[in-house]
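No experiment lies behind these values; they were computed from the predicted model shown. Each residue takes its place number in the sequence, starting with 1. All ligand and atom numbering here is 1-based and tracks the order in the structure.
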Amino acid sequence: MSLMLFGDKSLDLSLPHVMGILNVTPDSFSDGGSFSSLDSALFQTQKMIREGASIIDVGGESTRPGATPVTMSQELDRVLPVLEAIKERFDIIVSVDTSTPEVIRESATLGAGLINDVRALERAGALEAAAQADLPICLMHMKGVPQTMQVKPDYSSVVADVSDYLMSRVVVCEAAGVERSRLILDPGIGFGKSLEHNLVLLSHTEHFKRLGFDVLIGVSRKTMIGDVLNLPVDQRLYGTMGANAAAYTKGARIFRVHDVKPHVEMLELMSRIEREV
Ligand SMILES: Nc1nc2[nH]c(SCCc3ccc(S(N)(=O)=O)cc3)nc2c(=O)[nH]1
């Protein structure tokens, strides 16, 4: 049993947990912004909860390669109404996928249970806002910026480089008063990585676990699946499940996915069998 507090709820992170993706951006890379309206966002949220999601991840800024940056007010206008509406209607942990201090602060006030920052609190003011929010924080590695991160990404040793970076962010967080027990690490699949880099990172998921942190993986429908299987984004479920299954066997416990039910069922069997003595 290893409980982690997520706002007013807690999760046993010795068990796998599915984080359902709720993109409230018009250009989200995989569902084409089909959840732009509040009603459809709530419908999708209800569906993912019924399918067994432990966390709903709300993101107001698309950070896929080539994405155009959003303004702070755009991000606030997209995220906060959805967060508020979800908290009013459902009993679920809501994580907010943001790098923006004001969004971190407002989201914490409105009852967010996790800050999920693809920029590992690098933005000015983000670290202070997250420290004050007293919430768990996912620190993810991104090399460069979404607009150019996929242009010939290069590492001397991708596992060492990514873990050194994440540990440097852990040190900075601790100095700001964030206890380690609140931190989750994420190698950032697809964020400034080649196919090979992504495969090596997934193969070495255990390395991040051995650093003493819970690990979150976000591989759902991403290009690396398409590169391996030569399939379009709407046919990458099985490859996504394979990647998540491999990451599970190597210690990952939170899986950020579009397809909740398949992963809940897959991970139920995997965790039951792994626990059998
Ligand atoms: N913690 C965490 N949060 C996340 N938020 C997102 S948004 C996805 C952005 C994207 C889309 C597609 C590609 S690609 N070119 O590899 O297909 C890369 C990035 N992802 C993650 C992730 O992984 N972890």
Exercise. Of the choices Met224, Lys222, Met140, which has the non-hydrogen atom that lies closest to atom 20 (N) of ligand 1?
Worked result: Lys222
Exercise. Which residues, ordered by chain and number, are linked to Met1 in its hydrophobic cluster, where ILVMFWY side chains connect at heavy-atom gaps below 4.5 Å, directly or through other members?
Worked result: Leu3
Problem set entry | Proximal atoms of ligand 1 relative to Leu216 (non-hydrogen, under 4.0 Å) | 1 (N)
Problem set entry | Asp97: numbered ligand 1 atoms lying under 4.0 Å from its heavy atoms | 3 (N), 4 (C), 5 (N), 6 (C)
For this session: Give me the one residue out of Asp8, Val82, Leu110 that meets side-chain contact (heavy atoms from CB on, under 4.5 Å) with Lys87.
Result: Asp8
Exercise. Going by distance only, is there an N or O of Gln150 that falls short of 3.5 Å from an N or O of ligand 1?
Worked result: no
For this session: Of the side chain and backbone of Asp186, name the one, both, or neither that has a heavy atom under 4.0 Å from an atom of ligand 1.
Result: side chain
Exercise. Of the listed options (Ile189, Thr63, Asn116, Leu114), which comes nearest to atom 7 (S) of ligand 1 when hydrogens are ignored and any heavy atom counts?
Worked result: Thr63
Exercise. With backbone taken as N, CA, C and O and side chain as the heavy atoms from C-beta onward, which portion of Val219 lies under 4.0 Å from ligand 1: side chain, backbone, both, or neither?
Worked result: neither
Exercise. Any heavy atom of Cys138 sitting closer than 4.0 Å to ligand 1?
Worked result: yes
Exercise. Does any donor atom in the side chain of Glu61 or Ser99 lie under 3.5 Å from an acceptor atom in the other side chain?
Worked result: no
Exercise. Backbone or side chain, does any N or O of Thr223 fall under 3.5 Å from an N or O of ligand 1?
Worked result: yes
Exercise. Would you say the side chains of Ser37 and Asp39 form a donor-acceptor pair under 3.5 Å?
Worked result: no
For this session: Applying side-chain hydrogen bond (donor to acceptor under 3.5 Å, both in side chains), run through Arg256 and Ser220 and close with a yes or a no.
Result: CA-CA 7 Å; Arg256 183 178 180 278; Ser220 187; over 6 Å; no
Exercise. Taking the side chain as C-beta and beyond, is there a heavy-atom pair between Asp259 and Arg221 under 4.5 Å?
Worked result: yes
Exercise. For the atom pair CE (Met48) and CD1 (Ile21), what is the distance rounded to the nearest 0.5 Å?
Worked result: 8.5 Å
Problem set entry | Within-cut-off N or O pair, Arg221 and ligand 1, under 3.5 Å | no
Exercise. Is there a ring pair (Phe, Tyr, Trp, His ring centres under 6.0 Å) between His263 and Phe255 once you walk through the steps?
Worked result: CA-CA 8 Å; His263 282 92; Phe255 302 89; 7.5 Å; no
Exercise. Which atoms of ligand 1 are found less than 4.0 Å from any heavy atom of Gly218?
Worked result: 22 (C), 23 (O)
